[in-house]
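Have a look at the structure below before the remarks.
The sequence lines fix the lettering, A, B, ..., with proteins before strands; numbering per chain opens at 1.
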Amino acid sequence: MTINAQNKSYSSPALEFKSTMFSVPVLGVASDDLILIEQVLNEKIKLAPEFFKHSPVILDFQDVNKKQLTIALDALLAIIRKAGLFVVGVRGGTDEQHQKAIDLGIAVTANTEVKAELPKTPKIITAPKDDVPVSDDSTTVLITKPIRSGQRIYSHGDLIVLAQVGAGAEILAEGNIHIYGTLRGRALAGVQGNIHARIFCSDLQAELISIAGHYKISDDIQGAVSNTPIQIYLQKNALVIKPIA
Amino acid sequence: MARIIVVTSGKGGVGKTTTSAAISMGLAKKGHKTVVIDFDVGLRNLDLIMGCERRVVYDIINVINGEASLNQALIKDKNCNLLSILPASQTRNKDALTQEGVGNILEELSKEFKYIVCDSPAGIEQGAHLAMYFADDAFIVTNPEVSSVRDSDRILGLLSSKSQRAEKNEEPIKEYLILTRYAPERVKSGEMLSLDDVQDILSLDLLGVIPESKSVLTASNSGNPVILDEKSDAGQAYGDIVARYLGETRPHRFIDGKKGLFRKLFGGG
């Protein structure tokens, strides 16, 4: 389910890191009643046993934490394992839950948007990547200087660029992208799968635009609009480029 | 403290060495003690253009390896005694340069000189990286042609992320554009990118436009920086660049084509 765009791949003869994107079901936990959970889980699996067979899942504790319920992670994992699923990650948990997951060898998928905000836990501010200036709201990245060829900017939330994006540059955001300059490079919004993300741009001459994995390259864009402010959004799995009236 | 200027472009053959030679000579002629360093280890050219190739005994790699002192390697220019040249090695490759070695050399030169001009090699590898790493100012030399502009854009990206100033989170390197080999007639006929086209992509502080000129080749071949040829258009253009860099305001020239006598008489444009 995740594409970690910060990863660079270094090739070596024996080992190679690659970024890839695939979907993983997320199991939202909303109750602390383990018996009920087991019952609901088995009912769901019965609907499509082949689909769920040995499937990796990610546990989301956001709802259960919102209700301020505590849940025994070990017991929950045993139930899920018994049902034939593999828990590969957790998210939306408290620091304590995340630490416990790590101790059990389960990844914590970073996702600031679903990070549980319990009354007593201080807000976690992720360190800015790529030395980009970050506005007060930690999820929005603000860039004031031109983005040059070969540069890559990633935002965990929205991305606002007050200058041009050069050909050969790449900007990625989990949320929306706003460009108040010419876009000549690549812009990818909703890279974690947010299909409601949009790209706004005052002059579109892009090499590639993408929302939640649906993309268009310059040949498909050309002639559509240029030198006029536009927005790009996803409608029925197709990218729509429209001037902003 | 000295001001370190890197002359860089990404692409080869656009006029980095010609520009380095000209501006370092220009700064020295204006009374500033200047040194120009050739970072193009393995393909050294600066000494040829400065006309001192016969006087090269030690080079920057000898200094880095401790085989010679900096003063032994520095060559005083024949035209201007405020200008020194630190040549590159012709027999080694670019990996012989080390960040520590270059840092030490620049630090020592900073004590004595006002301006240090670093002539970067083409490309984005070790030599080019070290030439720009310690810079305060960057002169981006670009030809009005798409691949050169694209490479300059790439270099600008590296300047803002891979330099000492970027790593220490200091004030970023000041970037200037020098557009070389500009031929207004060819821009008019659409064969060449215009200054506006280039600035549309790079949007930099324009230091000056150097017109395409025979005097550049003549100067290179004779080992005299073109800035010394004050009658030539390119020489004057480099003179303007040095003056602008030092804070003078001079109107930009050589952007529009020369007006012929006929046009002058009839006021056509």
Exercise. Side chain from CB out, backbone as N, CA, C, O: work out which of these in B:Leu202 comes under 4.5 Å of a heavy atom of chain A, or both, or neither.
Key: both
Quiz item: Taking everything shown except B:Gln99 itself, do over 12 heavy atoms lie less than 6.0 Å from its CD?
Solution: yes
Practice problem: Starting at CG of B:Leu156, measure out to CD1 of A:Ile147 and round the result to the nearest 0.5 Å. | Solution: 13.5 Å
Self-check item: From OG (A:Ser149) to CD1 (B:Ile155), nearest 0.5 Å
Solution: 10.0 Å
Quiz item: So with a 6.0 Å cut-off around NE2 of A:His196, is the heavy-atom count from everything else above 12?
Solution: no
Quiz item: Crowded around A:Tyr215 OH? As in, over 12 foreign heavy atoms under 6.0 Å?
Solution: no
Quiz item: Are more than 12 heavy atoms from other residues, nucleotides or ligands located less than 6.0 Å from atom CD of B:Glu171?
Solution: no
Quiz item: Just checking, is any N or O donor in the side chain of A:Gln164 or B:Ser203 under 3.5 Å from an acceptor N or O on the other one?
Solution: yes
Quiz item: Any Lys/Arg nitrogen of A:Arg184 or B:Asp200 sitting under 4.0 Å from an Asp/Glu carboxylate oxygen of the other?
Solution: yes
Practice problem: With rounding to the nearest 0.5 Å, note down the distance linking CZ in A:Arg148 to CZ in B:Arg150. | Solution: 13.0 Å
Practice problem: Tell me, yes or no, whether the heavy-atom count around B:Glu170 atom CD, taken from other residues, nucleotides or ligands under 6.0 Å, exceeds 12. | Solution: yes
